[in-house]
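Below, chains carry the letters A, B, ... as their sequence lines are ordered, and counting in each starts from 1. Quick note: numbers below take in every heavy atom, side chains included, and nothing from hydrogens, waters or symmetry partners. As the structure is a prediction and not an experimental result, all values here were calculated from the model.
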Number of protein chains: 2
Amino acid sequence: MISLSNPSPPGRTLAEQVYGALKSDILAGALTAGSALLTRDLLERYHCGVSPLREAVARLVGEQFLEATSHRGVRVPSFSVNDVEDVYRIRIALEREALALAIIHGDDNWEGAILAAGHRMEKAPLPDRNEDQGHAVSEWEKRHRSFHTSLVSAAPSPRLLRLINQMVDQTERYRALRLAGSDQAKIGRDIVAEHRRLMDLVIARDPACLELLADHLDHTRQAVVALIRSAAIP
Amino acid sequence: MISLSNPSPPGRTLAEQVYGALKSDILAGALTAGSALLTRDLLERYHCGVSPLREAVARLVGEQFLEATSHRGVRVPSFSVNDVEDVYRIRIALEREALALAIIHGDDNWEGAILAAGHRMEKAPLPDRNEDQGHAVSEWEKRHRSFHTSLVSAAPSPRLLRLINQMVDQTERYRALRLAGSDQAKIGRDIVAEHRRLMDLVIARDPACLELLADHLDHTRQAVVALIRSAAIP
DNA sequence: AATTTTTCCATTTTCCAAAATATTGACAGG
DNA sequence: CCTGTCAATATTTTGGAAAATGGAAAAATT
């Protein structure tokens with residue numbers, strides 16, 4: 001067993017497996033934000049030698065999922081309002097660009113994929129109460145993410161799509177927070193209607209969809225920021 | 001001696017030094033694009049053991065300056081028109097966002113830095129003929145880059161600025177090509193006037209500067225694309 | 001002759017122990 | 001009582017040797 005929060009991320013070399021497992025753990029919040037990671041704990045946790053671990057860590061540093069200081073190990077970046085705003089700002093700029101490309105280049109398959117993803121999202125509704133519905137919420141999040149991915153998937157820009165994915169992953173780190181306060185987050189927003197309208201505009205290739213997407217993401221940003229503030233994260 | 005095209009990049013650990021040296025060599029084109037890198041050549045070249053090399057490579061993979069395939073080593077990504085367009089697209093979206101933030105948050109120091117950078121750029125003019133003026137061109141490029149950096153430097157978004165830097169580095173790889181054809185690139189463009197106008201609009205906090213910057217970068221993109229096409233790069 | 005299987009070799013990947021560097025706590029001097 | 005120095009300890013970093021892997025040549029089978 002390699003990962004503690006993911007069954008078994010496929011990857012040929014050990015270093016890749018550890019990379020995947022460590023990344024999952026960071027995104028899932030299994031490694032508390034702001035904490036320093038001791039090498040020997042990680043060695044124990046991922047059951048490997050120093051080389052694969054070090055390689056995995058170095059790669060995550062390159063992708064900003066970890067912060068490194070010479071001779072002082074690595075830390076999981078801590079949460080902050082500024083950081084959330086930073087990430088969402090980038091995400092909005094990039095997704096808008098990608099969506100603009102997608103509505104130019106998208107074909108029938110793309111439209112089909114969007115409809116399918118939208119449908120799957122509506123079929124896994126966000127539970128009204130967030131009591132012990134952790135699984136349901138997580139399923140919804142997964143489908144929600146794949147809906148957004150489908151929107152921009154037709155953009156012929158691998159780098160752009162990769163960067164967007166990276167930013168989405170960054171926001172993923174705040175998921176625990178989002179889940180804790182999903183009730184408030186929904187206040188004043190009809191999520192389903194919002195997405196359906198977005199979907200319609202996109203498929204109609206209406207340029208207004210760019211603004212709508214930007215607004216949609218900005219609302220999410222505001223919700224997350226509000227949550228951090230209320231959760232009193234340093 | 002660690003680096004082959006850079007004197008001695010400061011860095012505490014060996015891995016960091018190798019990282020810097022390898023990155024420099026990639027950006028400077030010392031490692032031909034598209035070529036596979038043999039581990040033992042790199043070991044020889046950077047005069048270090050496998051561990052620091054491996055770590056440096058892993059980090060560069062995370063930043064997309066190298067492509068890795070399991071058990072088949074790493075390659076320097078090859079040049080392509082699509083890639084240039086991809087990178088510039090991202091760069092434009094991000095720099096526009098950053099400049100918008102900068103003209104909101106910029107203070108007097110920021111304005112001063114822009115004026116200084118603009119002045120330095122004008123004092124190191126691009127030579128008319130690109131005969132053996134390699135050094136002069138490279139000095140101009142350095143100052144040109146620092147001018148553009150100064151424009152967005154006031155944006156309070158570390159992630160955004162880092163990403164922009166990364167994209168500029170990516171375009172840096174095509175520098176050899178740009179130099180080879182700098183004559184053509186200048187045709188029909190008054191670079192000095194273009195930059196001065198940009199500078200004036202930015203300092204006046206005129207929102208029109210966003211469009212101008214985007215156009216400016218787009219022209220550069222077109223010039224680079226034309227060069228690649230004429231250089232018949234696969 | 002074509003196709004599959006086997007063997008060998010170059011290369012990457014991994015482990016491990018030694019070296020380098022930070023951090024902690026104690027202790028002497030101001 | 002505070003401050004700075006020095007040793008002891010903990011942690012990270014590095015080099016080299018061993019293991020694993022993929023690809024290509026050689027052998028064997030159809």
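Side-chain contact, B/Arg162 with A/Gln64: a donor N or O sits under 3.5 Å from an acceptor N or O. Side chain to side chain, A/Ser157 and B/Arg89 meet the donor-acceptor criterion of an N or O pair below 3.5 Å. A donor-acceptor contact under 3.5 angstrom links the side chains of A/Arg159 and B/Gln170, judged on distance only. Side-chain contact, A/Asp25 with A/Tyr46: a donor N or O sits under 3.5 Å from an acceptor N or O.
The nearest whole Å value for the distance from the CD atom in A/Glu55 to the C1' atom in C/dT12 is 10 Å. Distance, B/Leu43 CG to D/dT14 P: 13 Å, rounded to whole Å. Atom CD in B/Glu44 sits about 14 Å away from atom P in D/dG15, given to the nearest Å. With rounding to whole Å, A/Tyr46 atom OH is found 16 Å from C/dT14 atom P. Between A/Gln17 atom CD and D/dA20 atom C1' the separation is 13 Å, expressed in whole Å. In this entry the distance linking NE2 of A/His47 with P of C/dT14 reads 16 Å, nearest Å. Atom CZ of A/Arg40 is separated from atom P of C/dC16 by 17 Å (rounded to the nearest Å). The CG atom of A/Asp41 sits 13 Å away from the C1' atom of D/dA10 (whole-angstrom rounding).
Listed nucleotides: D/dT14, D/dT12, C/dT13. Nearest to the side chain of A/Leu38: D/dT12. Listed candidates were C/dA22, D/dA10, C/dC15. Nearest to the side chain of A/Leu14 is C/dC15. In this structure, the nucleotide among D/dT14, C/dC15, C/dA22 sitting nearest to the side chain of A/Arg54 is D/dT14.
A/Leu42 comes within 4.0 angstrom of no nucleic acid atom, judged by non-hydrogen atoms across all strands. Within 4.0 Å (heavy atoms only), B/Arg72 reaches sugar-phosphate atoms of the nucleic acid but no base atom. Among the atoms of the strands shown, base atoms are found under 4.0 Å from some heavy atom of B/Ser51.
Note: B/His148 and B/His144 have perpendicular aromatic rings, judged against thresholds of 30 and 60 degrees for the angle between ring planes.
One finds no side-chain N or O of A/Arg12 lying less than 4.0 angstrom from the OP1 or OP2 phosphate oxygen of C/dT13.
Between B/His71 and A/Leu37, the residue anchored closer to the 5' end of DNA chain D is A/Leu37, taking for each the nucleotide with the nearest heavy atom.
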